[in-house]
Structure formats: C-alpha cells, structure tokens
Amino acid sequence: MPELPEVETVVAGLKPQITGAKLVSVSDSGKNLRYPLPDFSTLLQQNIQRVERRAKYLLFYFENGQTLIWHLGMTGQFHVLAQHEAKTKHEHVTLTFTDGNTLRYRDTRRFGYAGLCDSDDLEQHAWFAKLGVEPLLDDFSGDYLRDILKTRKTSIKQAIMDNHVVVGVGNIYASESLFRAGIHPTQVANSLKPKQYALLVQHIKTVLAEAIEAGGSTISDFVKAVGKPGYFAHSFKVYGREGEPCHTCKKPIEKIILGGRVSFFCSKCQMMK
DNA sequence: AAGGTTACCTGCCCGC
DNA sequence: TGCGGGCAGGTAACCT
C-alpha cells in the first residue's frame with residue numbers, strides 16, 4: 001500500500017487521534033513481522049508526544065525520550081479503534097491507551113516492522129543512517145541528483161527508487177514522475193542532461209505533493225481511506241495503464257520490468273534522448 | 001562496488 | 001468450481 005504520500009496521510013490521520021495518549025499495554029498475535037517486535041516495556045505509562053514521518057517510516061515519539069519506529073511494508077495499516085472493537089484478521093499488534101482507544105496494526109503480508117531507539121540517536125539508527133534526502137525538502141535538487149548519480153549505470157527509474165539516493169519514491173510515483181518529466185525509465189542514470197535532472201526532481205516533488213493533497217482530502221474518512229488504492233489512482237497517467245492510450249499523444253502505454261518491478265511509460269512522450 | 005537476484009508473506013486474479 | 005501460476009504500492013541480504 002504505502003509510498004510516501006500514503007505514509008504522510010497515515011501520520012496526518014493518526015496525529016489528532018493518538019497525540020498525548022498514554023500507553024498502558026501492548027499485545028501481539030505471536031506471528032513475527034519482518035523482524036521480531038521490540039520490547040515495549042519501557043514505553044508503558046508513557047505519553048506519545050508527537051507522530052511524524054521520516055522516509056516511509058512512522059515515528060512515535062514518547063515522553064521517555066524513545067521513539068517507536070514503524071514501517072508499513074507493503075500491506076501495513078494502522079487503525080484507531082475503541083478497546084472493545086473485535087480483532088480482525090491479520091491484526092498483529094494492539095497498543096492500548098488509558099483513554100480506552102487502541103491503535104491496531106494490521107499487515108496481511110507481514111513485511112512491515114517496528115523498532116525502538118533513543119530519539120536522540122534516530123539518524124544513527126541502522127534504518128536511517130544510509131537513507132538519502134527527503135524528496136520534498138530543498139536538499140533534493142537537480143544538482144544533488146546529478147551529483148549522486150554521476151557514477152551510476154543503472155536505469156534512472158531504479159535509481160530514483162533507491163532510498164540511498166532519495167527516500168519515498170516508490171514504484172507508482174517513479175513511473176508517474178518519469179512520464180511527467182518526459183524521461184524514458186530505462187535511460188542510464190548518469191546520462192541525463194543537467195536540465196533533465198532538475199525537471200525530474202521538480203516532477204517528483206509535484207507528483208508527491210499532489211498525492212499527499214489527494215490523501216489529505218480523505219483524512220476525515222481516514223480508516224476507510226487507508227489501504228485503498230483509489231484516491232489518487234484516478235490521476236495516474238501511466239501506472240497500471242498498459243495498452244491504454246497516452247493522455248498526451250494517444251500512443252498505447254507500454255509496460256516493462258526493471259529491477260523486478262513493473263514499469264509503465266509512453267515510448268513517444270518519453271523518448272530516449 | 002555497483003548491479004542483479006532472491007527472499008520475506010498472504011491474497012487475489014487469471015487462465016486452463 | 002478448482003487449481004496453479006503470477007503478481008502486488010518495500011526493503012535488504014546475498015551473490016557476482
């Protein structure tokens with residue numbers, strides 16, 4: 001489910017519901033997620049002070065100076081429900097708060113994972129230490145992208161999905177931003193013209209921002225919205241549109257596999273230059 | 001060292 | 001209707 005806009009939407013939805021909540025207990029299904037769950041005992045009787053996003057991770061800052069880090073994997077979802085609500089299938093972790101609310105973590109495929117670390121050491125944590133820049137910050141610029149890719153021979157599509165380069169660009173928005181920038185997904189990463197790096201960066205930012213905006217409009221319907229592919233899907237120009245006419249030139253959208261991931265593009269609008 | 005492949009896990013959709 | 005194969009929006013551990 002989640003790329004950066006989805007995680008941003010989840011965080012925005014959780015903030016008003018659990019900020020300030022005091023944790024009283026944690027239970028789990030006994031099934032492992034991608035990695036073993038952390039020991040939650042130091043968080044008991046502690047308030048959640050803030051909820052934030054870094055890359056595709058959710059960060060729950062607790063008052064004892066520790067941060068609970070959570071990645072949703074492919075199918076992870078959070079729901080805030082009253083304590084008495086029945087457990088559903090694939091619900092693997094339940095955090096219970098003093099106000100009677102619970103934060104439920106559901107994850108069908110169990111690719112998600114959670115960890116705990118001192119808030120002061122977050123950027124040194126193994127999951128964060130090697131991450132690239134946040135795409136929506138000014139650090140992510142055409143010059144940055146050109147420089148970091150100057151020795152990379154992989155495809156530009158795989159390069160922008162590499163979270164050592166820039167975080168948060170998943171499979172959908174990689175295809176979408178390359179289409180908007182008119183860049184062929186197989187183009188060698190270090191072979192773009194200077195203007196193309198800038199253009200690509202600009203389109204990554206706008207497509208992510210638009211998707212966040214679309215997600216934002218559904219926050220009041222948060223529980224239902226999370227996990228559904230629909231809300232930004234109507235805006236896809238290439239993703240999932242194999243064989244359908246390009247909105248710009250009418251040529252059928254094509255599909256290829258790059259790095260094991262499906263990639264969509266228009267061979268006329270995204271010509272190799 | 002970069003790049004390719006595989007693995008993790010379940011559900012769904014498609015073709016036979 | 002049933003079954004098997006392929007595929008799914010992520011990440012990292014392996015190889016070479």
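A note on names: the letters A, B, ... follow the listed sequences, proteins ahead of strands, and every chain is numbered from 1. The figures here come from the full heavy-atom set of this structure, side chains too, leaving out hydrogens, waters and symmetry mates.
Two residues, A/Thr151 and A/Gly260, neighbour DNA chain B, and the one matched to the more 5' nucleotide by heavy-atom proximity is A/Thr151.
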**Prompt:** Hey, mind stepping through A/Arg54 and A/Glu123 against salt bridge (charged side-chain N to carboxylate O under 4.0 Å, His left out) and telling me if it holds?
**Reply:** CA-CA 10 Å; A/Arg54 164 78 173 113; A/Glu123 290 299 317; 3.6 Å; yes
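In the set B/dG3, B/dG11, B/dG4, B/dG4 carries the atom at the smallest distance from any side-chain atom of A/Gln158.
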Table please: side-chain donor-acceptor pairs of residues 240-254 of chain A below 3.5 Å, with sequence neighbours left out.
residue	atom	partner	partner atom	Å
A/Arg241	NE	A/Glu244	OE1	3.2
A/Arg241	NH1	A/Lys237	O	2.9
A/Arg241	NH1	A/Pro245	O	3.2
A/Arg241	NH2	A/Pro245	O	2.8
A/Lys251	NZ	A/Ser267	OG	2.8
A/Glu254	OE2	A/Ser267	OG	2.5

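Taking atom NE2 of residue A/His71 and atom C1' of nucleotide C/dG9, one finds them 11 Å apart after rounding to whole Å. Rounded to an integer number of Å, the gap from A/Ile257 CD1 to B/dT5 P is 12 Å. What separates NE2 of A/His92 from P of B/dC9 is a distance of 11 Å, to the nearest Å. Going from atom CG of A/Asp107 over to atom C1' of B/dC8 covers 11 Å, rounded to whole Å. Taking atom OH on A/Tyr113 and atom P on C/dG10, their separation rounds to 11 Å, with Å as the unit. Remark: C1' of C/dT11 and OH of A/Tyr35 are 6 Å apart, rounded to the nearest angstrom. Rounded to whole angstrom, the span from the CZ atom of A/Arg53 across to the P atom of C/dG10 amounts to 14 Å. A/Glu176 places its CD atom 12 Å from the C1' atom of C/dG9, with the value rounded to the nearest Å.
Using a 4.0 Å heavy-atom distance criterion, A/Arg152 is classed as a sugar-phosphate-only contact. If you check every strand for non-hydrogen atoms under 4.0 Å, A/Lys89 touches sugar and phosphate atoms only. Here A/Arg34 lies in heavy-atom contact (under 4.0 Å) with a base. Across all strands, A/Asn163 comes closer than 4.0 Å only to sugar-phosphate atoms, never to a base (heavy-atom distances).
For A/Lys56 and C/dG10, the shortest distance from a side-chain N or O to OP1 or OP2 is below 4.0 Å.
Hydrophobic clustering (ILVMFWY, side-chain heavy atoms < 4.5 Å, transitive): A/Ile204 and A/Tyr144 are in one cluster.
For the pair A/Phe111 and B/dC9, the ring geometry does not qualify as stacking, because the centroid separation below 5.5 Å and plane angle under 30° are not jointly satisfied.
For the residue pair A/Asn64 and A/Gln46, no side-chain donor N or O sits within less than 3.5 Å of a side-chain acceptor on the partner.
A/Tyr61 carries A/Arg50 over the face of its six-membered ring, with the cationic atom under 6.0 Å from the centre and within 45° of the normal.
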